[in-house]
Amino acid sequence: MGRRWPEGSDEGASPSETPPSSQEGDPILKLIAGKLEKLCPKLQWVGYLSTVGVYGDHGGGWVTEETPGRPIQGRSIERVDTEEAWAAEGEAAGIPLASLRLSGIYGPGRNAFVNLARGTARRIIKQGQVFNRIRVEDIAGATLFLAKGKMGGIYNVTDDEPGPPQDVIVEAARLMGVVPPPEQDFETAEMTPMARSFYGANKRVSNAKIRAAGYQFRFPNYRMSLAEMWSTDRWRG
């Protein structure tokens with residue numbers, strides 16, 4: 001079943017920090033609690049799509065899968081609880097389970113080009129703020145890679161290059177040949193509480209673990225990714 005992209009930063013990336021399903025947690029877990037092996041006797045691997053929001057704020061410092069989680073938003077706290085619950089189900093059933101911690105999701109149909117074309121792109125400036133991103137095709141690729149290898153554990157699925165969100169807008173505008181929107185100071189910019197909350201966590205997320213396991217990202221940074229979408233005219237979705 002389709003789901004609306006959650007509200008994200010103005011560069012077009014969705015920070016992937018919505019709750020697992022609802023305020024009451026993951027409904028699938030309630031259905032399979034203690035019965036995963038019985039209900040799915042041929043199941044060989046489970047993947048749970050989580051969020052880098054579980055790391056919380058690190059003042060722009062680097063985090064890895066070994067970094068203790070300290071989420072600052074209720075929706076990310078729910079993700080931690082759900083990760084742990086799924087891990088327990090996998091262990092009880094003897095099935096490898098991977099939690100894929102995703103950064104801001106973007107791709108065809110959801111990107112800075114779309115926002116620029118709609119006139120909704122904004123350059124929000126918050127000193128020192130950076131975000132990671134992940135192209136949607138690399139989420140699918142990483143999931144397939146881990147599934148084929150029946151690899152369990154926690155993996156950050158994110159690009160190589162965390163950076164300021166306004167830089168993405170500027171690069172997309174350059175490729176489109178348009179003038180980027182004016183800068184707006186974060187402190188005085190009109191933003192919804194949800195959009196503003198994403199700027200409360202500042203960190204650089206490492207993808208070294210999944211790279212060391214053998215996964216090769218198709219779109220390791222936003223510049224080559226934007227260039228590909230623009231040159232192939234796939235940015236509209």
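Treat the numbers as computed from the prediction; the structure is a model and nothing was measured.
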hydrophobic_cluster_shared for Val114 and Leu226, side chain cutoff 4.5 Å:
yes
Heavy-atom closest pair (Ala85 atom, Leu29 atom, distance to 0.1 Å) is CB-CD1, 3.6 Å
Is there a path from Leu144 to Ile134 through hydrophobic residues (I, L, V, M, F, W, Y) whose side chains come within less than 4.5 Å of each other?
no
Checking side-chain polar atoms at under 3.5 Å, does Asn207 have a donor or acceptor matched by the opposite partner on Asn156?
no
Give a yes or no on whether the backbone of Tyr199 and the side-chain of Lys126 come within a donor-acceptor separation of less than 3.5 Å.
yes
Heavy atoms only: give me the nearest Pro181-Ile169 pair and the separation to one decimal.
CD-CG2, 3.7 Å
Report yes or no: do Val168 and Trp230 belong to one cluster of Ile/Leu/Val/Met/Phe/Trp/Tyr joined by side chain heavy-atom distances under 4.5 Å?
yes
Side-chain (Asp81) to main-chain (Glu84) donor-acceptor, under 3.5 angstrom
no
Which heavy atom of Tyr48 sits nearest to which heavy atom of Thr82, and what is that distance?
OH-CG2, 3.4 Å
Arg204 to Phe131, cation-pi by 6.0 Å centre distance and 45° axis angle:
no
Treating Trp45 as the side-chain partner and Ile95 as the backbone partner, does any N or O pair qualify as donor plus acceptor under 3.5 Å?
no
Got Met191 and Ile124 here, is their nearest side-chain heavy-atom distance under 4.5 Å?
yes
Heavy-atom distance under 4.5 Å between the side chains of Arg70 and His58, does that happen here?
yes
Just by modelled atom types, is the Gly56 backbone N or O under 3.5 Å from a matching donor or acceptor in the Lys203 side chain?
yes
Evaluation steps, side-chain contact (heavy atoms from CB on, under 4.5 Å), between Gln44 and Lys150:
CA-CA 7 Å; Gln44 298 181 38; Lys150 298 182 177 61; 2.6 Å; yes
Are Asp160 and Asn221 close enough, and set up right, to give a side chain to side chain donor-acceptor pair (under 3.5 Å), and what steps lead you there?
CA-CA 6 Å; Asp160 293 353; Asn221 63 67; over 6 Å; no
Shared hydrophobic cluster for Ile210 and Leu100 (ILVMFWY, side-chain gaps under 4.5 Å):
yes
Compare all side-chain heavy atoms of Pro180 with those of Arg123 and state whether any distance is below 4.5 angstrom.
yes
Rounded to the nearest 0.5 Å, how far apart are CZ of Arg79 and OG1 of Thr51?
6.5 Å
Could you go through the side-chain contact (heavy atoms from CB on, under 4.5 Å) check for Val136 and Tyr106 one step at a time?
CA-CA 6 Å; Val136 66; Tyr106 74 106; over 6 Å; no
I would like to know whether Arg110 and Ile105 meet side-chain contact (heavy atoms from CB on, under 4.5 Å); could you show each step before the answer?
CA-CA 8 Å; Arg110 175 79 185 205; Ile105 305 168; over 6 Å; no
Can Glu83 and Arg101 be counted as an ion pair, charged N to O under 4.0 angstrom?
yes
Side-chain donor-acceptor pair under 3.5 Å between Asn132 and Thr158, yes or no?
yes
Closest non-hydrogen contact found for Val205 with Val52 is CG1-CG1, 3.9 Å
Is the backbone N or O of Asn202 less than 3.5 Å from a side-chain atom of Asp57, with the two atoms forming a donor-acceptor pair by type?
yes
Mark yes or no for whether Arg211, through its side chain, and Gln216, through its backbone, hold a donor-acceptor pair below 3.5 Å.
no
Heavy-atom side-chain proximity of Trp62 to Pro162 below 4.5 angstrom
yes
Would you check if the side chain of Tyr155 reaches a backbone N or O of Gly152 as a donor-acceptor pair within less than 3.5 Å?
yes
Test your reading of the model: is there a side-chain donor-acceptor pair from Ser225 to the backbone of Tyr222, 3.5 Å cut-off?
no
When the ring centroid of Phe217 is compared with that of Tyr215, is the distance short of 6.0 Å?
yes
Taking a hydrophobic cluster as the set of Ile, Leu, Val, Met, Phe, Trp and Tyr residues connected by side-chain heavy atoms closer than 4.5 Å, whether directly or through intermediates, do Leu43 and Leu97 fall within one such cluster?
yes
Residue pairs, two or more places apart or on separate chains, that pass salt bridge (charged side-chain N to carboxylate O under 4.0 Å, His left out) and touch residues 131-149
Glu11-Arg133, Arg135-Glu137, Arg135-Glu228, Glu137-Arg234
Of the non-hydrogen atoms in Ile32 and Leu39, which two are nearest, and what is the gap between them?
CG2-CD1, 3.8 Å
Here the pair of heavy atoms bringing Ala142 nearest to Val157 is CB-CG1, 3.9 Å
Can you list the steps and then say if Leu116 with Met176 is a side-chain contact (heavy atoms from CB on, under 4.5 Å)?
CA-CA 9 Å; Leu116 285 164; Met176 293 183 83; 3.7 Å; yes
Are the side chain of Trp235 and the backbone N or O of Met229 linked by a donor-acceptor pair below 3.5 Å?
no
Contact between Arg236 and Phe113 at the side-chain level, heavy atoms closer than 4.5 Å - yes or no?
no
Considering only heavy atoms from C-beta outward, does the side chain of Pro193 approach that of Arg196 to under 4.5 Å?
no
Taking NZ, NE, NH1 and NH2 as the nitrogens, is one of them in Arg223 or Glu171 under 4.0 Å from a carboxylate oxygen of the other?
no
